[in-house]
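Heavy-atom basis, side chains included; hydrogens, waters and symmetry copies ignored. Convention: sequence-line order gives letters A, B, ...; per-chain numbering from 1.
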Number of protein chains: 2
Amino acid sequence: MQLSLDEHINRFVPLSESEKQILSSFTKSQVVKRRGILLSNGEVSRSLYFVEKGCLRMYFINDKSAEQITQFALEGWWLTDFFSFMDNTPSDYFIQTIEASKLVSIDRLAFDELLKAVPKLERYFRIIMQKNLAASQLRTKYLYEMSKEEFYYHFSSNFPEFMQRVPQYMVASYLGLTPEYVSELRKRNS
Amino acid sequence: MQLSLDEHINRFVPLSESEKQILSSFTKSQVVKRRGILLSNGEVSRSLYFVEKGCLRMYFINDKSAEQITQFALEGWWLTDFFSFMDNTPSDYFIQTIEASKLVSIDRLAFDELLKAVPKLERYFRIIMQKNLAASQLRTKYLYEMSKEEFYYHFSSNFPEFMQRVPQYMVASYLGLTPEYVSELRKRNS
DNA sequence: GTTCGTTCTTAAACCAGCTTAATTTATTCG
DNA sequence: CGAATAAATTAAGCTGGTTTAAGAACGAAC
């Protein structure tokens, strides 16, 4: 599976050829190998990333020195630490590829310029942010209403392809479970 | 404290007088008494609400028939169930005023029309959604990194005015704690 | 196909936070 | 104000999920 940024934008806001050219002049395409680091903690999150192909994770190091994953991004998703990106402040997060990936990135300043140059994209990003917000509301609801056991089963039965793409311990981290407990759940269910 | 929508928009996108008039023709101002219901579960979340004065809560009924609060909105915040609002599907949530409140609401269709009529507002809402998303990422990080005890102290020391405005059991619900446990924490800390 | 690092499993002890249920204190509103 | 209702507290017992520690299985790279 692969999804170009142009194609994705076109689903919401059709762009003219010249607008597409302006867009590509403000963005960078990059191919990153497996486990490549895009952002390290302490740095400012300078870029907003779009995943054309592959998979990203965002995580921080918790007080037990363990990696705590807070978000994944698959094909068609945008990812950054928005506070750091907007306010130009150091981030607590790491962003890393899980697989070899093809990305489009936009720097903070380029993002502002781009939106001035192609105001139609304000609409595209408004819609994207709105959808992200809806997804985030739903995730929060799940966190409140499900036990950790339910949350795990919900996730594994709703996203089986994802479970196969990503190591089990990363899924465990994202769901806020210990790998040991996930093992127990898998045993229980088989 | 009171904050008009015009003023709030003006912080991000200055509007002309005629644009302000178009805006007000697509929105509704309403004063709602304490504990007034704006959305009930099973209904479509037809409106997006801006709080000019007062306080809203969004909650659902969990499997133990208890109210589970997922969001508050104070002056200057927008609130709705975005999935229901965007896709026109029934919501699981209730939205209710905690205090007597002054609100501005925009219906789904009016929202689309408004954005067509005043494209500048795409930018305003893009920024609002982006800020919401940043706030949501931060909240998620807190959930992952803090124990419930830490989460409670963090919240009560960072938002003391809020703790006084909202009943303790609502704060407990929002933080995912039982009222009994909050009582214990308060006793421990005094 | 062997090696070395990474990932997953097993099991027992442990504890943060919940449940239950009874009591006290605040609020609301006639 | 005073009655009724809603909210907050207390304390004991319990449990879902973690911690710890050790070993087993996997998979990438030579």
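Within the structure, the salt bridge (Lys or Arg N to Asp or Glu O under 4.0 Å) test picks out the following pairs touching residues 146-168 of chain B (sequence neighbours left out): B:Glu75-B:Arg165, B:Glu99-B:Arg165, B:Glu149-B:Arg188.
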Show each protein N/O and nucleotides 10-12 of chain C N/O combination with a separation under 3.5 Å, one pair to a line.
unit_1 : atom_1 : unit_2   : atom_2 : d
C:dA11 : OP2    : A:Lys187 : NZ     : 3.4

What are the atom names and distances for every N/O pair under 3.5 Å that joins the protein to nucleotides 26-30 of chain C?
unit_1 : atom_1 : unit_2  : atom_2 : d
C:dT28 : OP1    : B:Arg34 : NH1    : 3.4
C:dT28 : OP1    : B:Arg34 : NH2    : 3.1

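Rounded to an integer number of Å, the gap from B:Asp63 CG to C:dT19 P is 10 Å. Distance, A:Leu185 CG to C:dC8 C1': 14 Å, rounded to whole Å. Between B:Asn62 atom CG and C:dC18 atom P the separation is 13 Å, expressed in whole Å.
By the criterion of side-chain heavy atoms lying less than 4.5 angstrom apart, applied directly or through intervening Ile, Leu, Val, Met, Phe, Trp or Tyr residues, A:Leu79 is grouped together with A:Leu103 in one hydrophobic cluster.
When the nucleotides C:dG17, D:dA8, C:dT19 are ranked by their closest atom to the side chain of B:Glu149, C:dG17 comes out on top. You'll find that the side chain of A:Ser147 is closest to D:dG17, out of D:dT18, D:dA8, D:dG17.
Side-chain atoms of A:Asp81 and A:Ser91 include a donor-acceptor pair closer than 3.5 Å. Between the side chains of B:Ser105 and B:Gln30, at least one donor N or O sits under 3.5 Å from an acceptor N or O.
Between the side chain of B:Tyr144 and the backbone N or O of A:Tyr174, at least one donor-acceptor pair lies under 3.5 Å. Side-chain N or O atoms of A:Thr97 include none that pairs as donor or acceptor with a backbone N or O of A:Ala100 at under 3.5 Å.
In this view, A:Lys120 and A:Glu19 satisfy the side chain to side chain donor-acceptor pair (under 3.5 Å) rule, not counting sequence neighbours. In this structure, A:Phe26 has no ring-ring contact (aromatic ring centres under 6.0 Å, His included) partners at least two apart in sequence or on a different chain.
Between A:Phe125 and A:Phe111, the ring-plane angle classifies as perpendicular under the 30° and 60° cut-offs. Ring planes of B:Phe50 and B:Trp78: tilted class, angle from 30 to 60°.
Helix-axis bend for the helix from C:dG1-D:dC30 to C:dG30-D:dC1: the local axis fitted to the five terminal pairs at one end deviates from that at the other end by 60°, rounded to 10°.
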